[in-house]
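To start, the structure under review is shown below, and the notes come after it.
Below, all heavy atoms of this structure are taken into account, side chains as well, without hydrogens, waters or symmetry copies.
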Amino acid sequence: MAFSFLKKSRQKQIIDPAAYLKAIDFKGGTLFAENETNKVYVDIEELGGFYYLKTIIIGDLSVKIKRVGCSLDLQFKKETISLSSDNTTVDSNAIKKTPIFYTEVDFELEKEHADKMKKGKVKSLTYTFKNQILTFKRN
């Protein structure tokens, strides 16, 4: 059995997700809000007269939730609107060769809430996952 100082002297590289996050140029949505380690891209879409909020979180958030989904609180100046996810399964996908994850969550939205969001009156977003709460400030 041989002993090597070379193996002992090697230190594990610490990967900073923020550095990878800055390098990502996502074209699949509109950058809406961010925090230190995640960015949220939001688009309001209409399908058959029904509005829904398509959100994508890119960053170090990694979740796998079945049967309960998540909720989203939209904080306006004088009110808060709570939305429940359209699907009860929320699953993050790893981006190859990075410590970054991609999480897509859709929410049903009423027309008046969509109009308020389009006017840019949202101050912050708060996602509530099973055991995790993430708050994002509006850009």
Side-chain angles (χ1 to χ4, degrees):
M1 179 153 76
F3 181 76
S4 172
F5 282 108
L6 184 60
K7 287 183 182 177
K8 289 283 186 187
S9 66
R10 288 186 191 163
Q11 298 213 357
K12 283 193 169 188
Q13 267 188 323
I14 298 172
I15 300 171
D16 181 21
Y20 282 99
L21 194 58
K22 288 179 186 175
I24 293 175
D25 185 24
F26 183 68
K27 302 283 189 206
T30 306
L31 181 61
F32 193 77
E34 59 188 309
N35 65 15
E36 300 82 32
T37 57
N38 296 286
K39 292 183 179 182
V40 175
Y41 295 85
V42 172
D43 284 315
I44 297 171
E45 299 192 12
E46 180 186 357
L47 183 63
F50 295 99
Y51 288 88
Y52 70 96
L53 187 65
K54 180 180 178 181
T55 68
I56 298 167
I57 303 170
I58 297 179
D60 68 352
L61 172 71
S62 176
V63 294
K64 186 168 188 146
I65 300 172
K66 294 183 180 181
R67 292 182 278 172
V68 292
C70 74
S71 65
L72 174 66
D73 293 330
L74 304 170
Q75 181 66 46
F76 294 91
K77 190 172 187 176
K78 294 183 180 181
E79 69 177 309
T80 300
I81 297 170
S82 294
L83 305 173
S84 295
S85 59
D86 192 28
N87 195 344
T88 58
T89 301
V90 179
D91 197 8
S92 299
N93 298 307
I95 297 175
K96 287 184 180 181
K97 299 180 183 178
T98 69
I100 303 295
F101 294 88
Y102 173 93
T103 309
E104 187 172 353
V105 186
D106 294 340
F107 299 90
E108 292 180 14
L109 192 63
E110 296 193 21
K111 185 176 182 347
E112 64 266 10
H113 299 150
D115 293 339
K116 279 185 181 181
M117 286 189 71
K118 286 178 183 177
K119 292 177 183 175
K121 296 186 177 188
V122 177
K123 301 293 182 199
S124 67
L125 305 171
T126 302
Y127 284 88
T128 305
F129 296 100
K130 196 181 234 179
N131 57 356
Q132 205 170 5
I133 295 175
L134 285 176
T135 301
F136 297 90
K137 296 288 184 201
R138 179 74 195 266
N139 287 346

Taking all atoms of both residues into account, what is the closest heavy-atom pair of Phe76 and Lys121, and its distance?
CD2-O, 3.4 Å

Arg138 and Phe32, any side-chain heavy atoms less than 4.5 Å apart
yes

Could you give the distance from OH (Tyr41) to CD (Glu34), rounded to the nearest 0.5 Å?
8.0 Å

Quick check on Glu45: does its CD atom have over 12 non-hydrogen neighbours (other residues, nucleotides or ligands) under 6.0 Å away?
yes

Between Asn35 and Lys137, is any pair of side-chain heavy atoms under 4.5 Å apart?
no

Provide the closest heavy-atom pair for Gly69 versus Ser85 in the form atom of the first, atom of the second, distance.
CA-OG, 3.4 Å

Once you round to the nearest 0.5 Å, how far does CD1 of Ile100 lie from CD1 of Ile95?
6.5 Å

So CD1 of Ile44 and NE2 of His113: to nearest 0.5 Å the spacing works out to 11.5 Å

Heavy-atom pair with the smallest gap, counting every atom of Leu125 and Ala33
CD1-CB, 4.1 Å

Value for CG (Leu72) from CG (Asp106), rounded to nearest 0.5 Å, stands at 11.5 Å

Among the clusters formed by ILVMFWY side chains lying less than 4.5 Å apart, do Val90 and Val68 turn up in the same one?
yes

Roughly how far apart are Ile65 CD1 and Lys130 NZ, rounded to 0.5 Å?
6.5 Å

Taking the side chain as C-beta and beyond, is there a heavy-atom pair between Ser71 and Ser82 under 4.5 Å?
no

When you compare the side chain of Leu21 with that of Lys39, does any pair of heavy atoms fall below 4.5 Å?
yes

Contact check, side chains of Thr80 and Leu74, non-hydrogen atoms, under 4.5 Å:
no

Could you state whether Leu109 and Val40 fall into the same hydrophobic cluster, counting links through intermediate Ile, Leu, Val, Met, Phe, Trp or Tyr residues with side-chain heavy atoms under 4.5 angstrom apart?
yes

Heavy-atom side-chain proximity of Met117 to Asp115 below 4.5 angstrom:
no

Check whether Phe136 and Ile24 end up in the same hydrophobic cluster, where Ile, Leu, Val, Met, Phe, Trp and Tyr are linked by side-chain heavy atoms less than 4.5 Å apart.
no

Is Leu31 reachable from Tyr102 through a run of hydrophobic residues whose side-chain heavy atoms are each under 4.5 Å from the next?
yes

Any link between Tyr52 and Val42 through a network of hydrophobic side chains (Ile, Leu, Val, Met, Phe, Trp, Tyr) touching at under 4.5 Å?
no

Just distance, no hydrogens or angles: give the donor-acceptor pairs under 3.5 Å from side chains in residues 53-63, sequence neighbours left out.
unit_1, atom_1, unit_2, atom_2, d
Thr55, OG1, Val105, O, 2.6
Thr55, OG1, Tyr127, OH, 3.0
Asp60, OD1, Thr37, OG1, 3.0
Asp60, OD1, Asn38, ND2, 3.1
Asp60, OD2, Thr37, OG1, 3.3

Can you tell me how far the CG atom of Leu134 sits from the SG atom of Cys70, to the nearest 0.5 Å?
10.0 Å

Would you indicate whether Glu112, at its atom CD, is surrounded by more than 12 heavy atoms from other residues, nucleotides or ligands within a distance under 6.0 Å?
yes

Does CZ belonging to Phe50 count more than 12 external heavy atoms closer than 6.0 Å?
no

